[in-house]
Amino acid sequence: MTASKNQKTENNRLIRRKEVQEKTGLGASSIYAMMKTGDFPQCLNLSERRVAWIESDIDKWIAERVANHRAISAILEA
């Protein structure tokens with residue numbers, strides 16, 4: 001398998017809530033509240049009682065939060 005195929009598979013990997021919580025530091029109620037307001041990526045229904053998130057969506061959300069933090073810090077330091 002080539003690197004690009006590995007990357008595509010990794011970017012589309014589905015992760016469950018516990019891993020989302022570990023990656024973001026958010027609790028379950030915060031995740032669902034932020035999803036409701038559109039401030040967090042939506043989950044996919046895997047079955048009637050199982051959901052998961054696309055890992056690349058979570059990684060993008062984290063990167064956006066870090067970028068916003070750095071931009072605000074740069075403004076405050078100027």
Side-chain angles (χ1 to χ4, degrees):
M1 206 181 295
T2 65
S4 63
K5 285 185 182 178
N6 283 339
Q7 186 177 14
K8 286 180 184 178
T9 302
E10 185 176 64
N11 288 340
N12 290 323
R13 188 171 83 95
L14 298 177
I15 58 176
R16 300 291 309 279
R17 191 190 76 230
K18 284 199 178 220
E19 189 171 350
V20 172
Q21 287 180 246
E22 289 173 10
K23 288 183 80 128
T24 63
L26 297 172
S29 59
S30 295
I31 289 169
Y32 289 111
M34 292 174 74
M35 282 174 47
K36 190 173 183 178
T37 62
D39 295 324
F40 196 79
Q42 295 295 312
C43 59
L44 303 171
N45 291 323
L46 300 178
S47 69
E48 186 177 324
R49 299 172 80 171
R50 298 276 187 231
V51 298
W53 285 259
I54 300 169
E55 186 173 30
S56 61
D57 290 351
I58 301 302
D59 292 340
K60 181 180 175 187
W61 181 87
I62 292 168
E64 289 169 356
R65 300 290 277 211
V66 170
N68 288 341
H69 169 74
R70 289 181 177 158
I72 291 170
S73 294
I75 291 170
L76 294 176
E77 290 176 2

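All values reported here derive from a predicted model rather than from experimental measurement.
Applying the side-chain hydrogen bond (donor to acceptor under 3.5 Å, both in side chains) criterion to Q21, with sequence neighbours excluded, gives R17.
The minimum heavy-atom distance between T37 and M34, with the atom names listed, is OG1-O, 3.1 Å. Residues W61 and D39 share a closest heavy-atom pair of NE1-O, 2.8 Å. Nearest heavy-atom pair across L44 and I54 is CD1-CG1, 3.8 Å. Here the closest non-hydrogen pair linking L46 and A52 is CD1-CB, 3.6 Å.
For the salt bridge (Lys or Arg N to Asp or Glu O under 4.0 Å) condition, the pairs that include at least one residue of residues 58-78, sequence neighbours left out, are K23-D59.
At least one donor-acceptor pair under 3.5 Å links the side chain of Q42 to the backbone N or O of M35. Side chain of S30 to backbone of L26: no donor-acceptor contact under 3.5 angstrom is found. A donor-acceptor contact shorter than 3.5 Å links the side chain of R16 to the backbone of V51.
One finds the CD atom of E19 at 10.5 Å from the OG1 atom of T24 (value rounded to the nearest 0.5 Å). A distance of 11.5 Å separates CD1 of I15 from SG of C43, quoted to the nearest 0.5 Å.
A continuous path of Ile, Leu, Val, Met, Phe, Trp and Tyr side chains, each step under 4.5 Å between heavy atoms, connects I31 with V66, placing both in one hydrophobic cluster.
Between W53 and F40, the ring-plane angle classifies as perpendicular under the 30° and 60° cut-offs.
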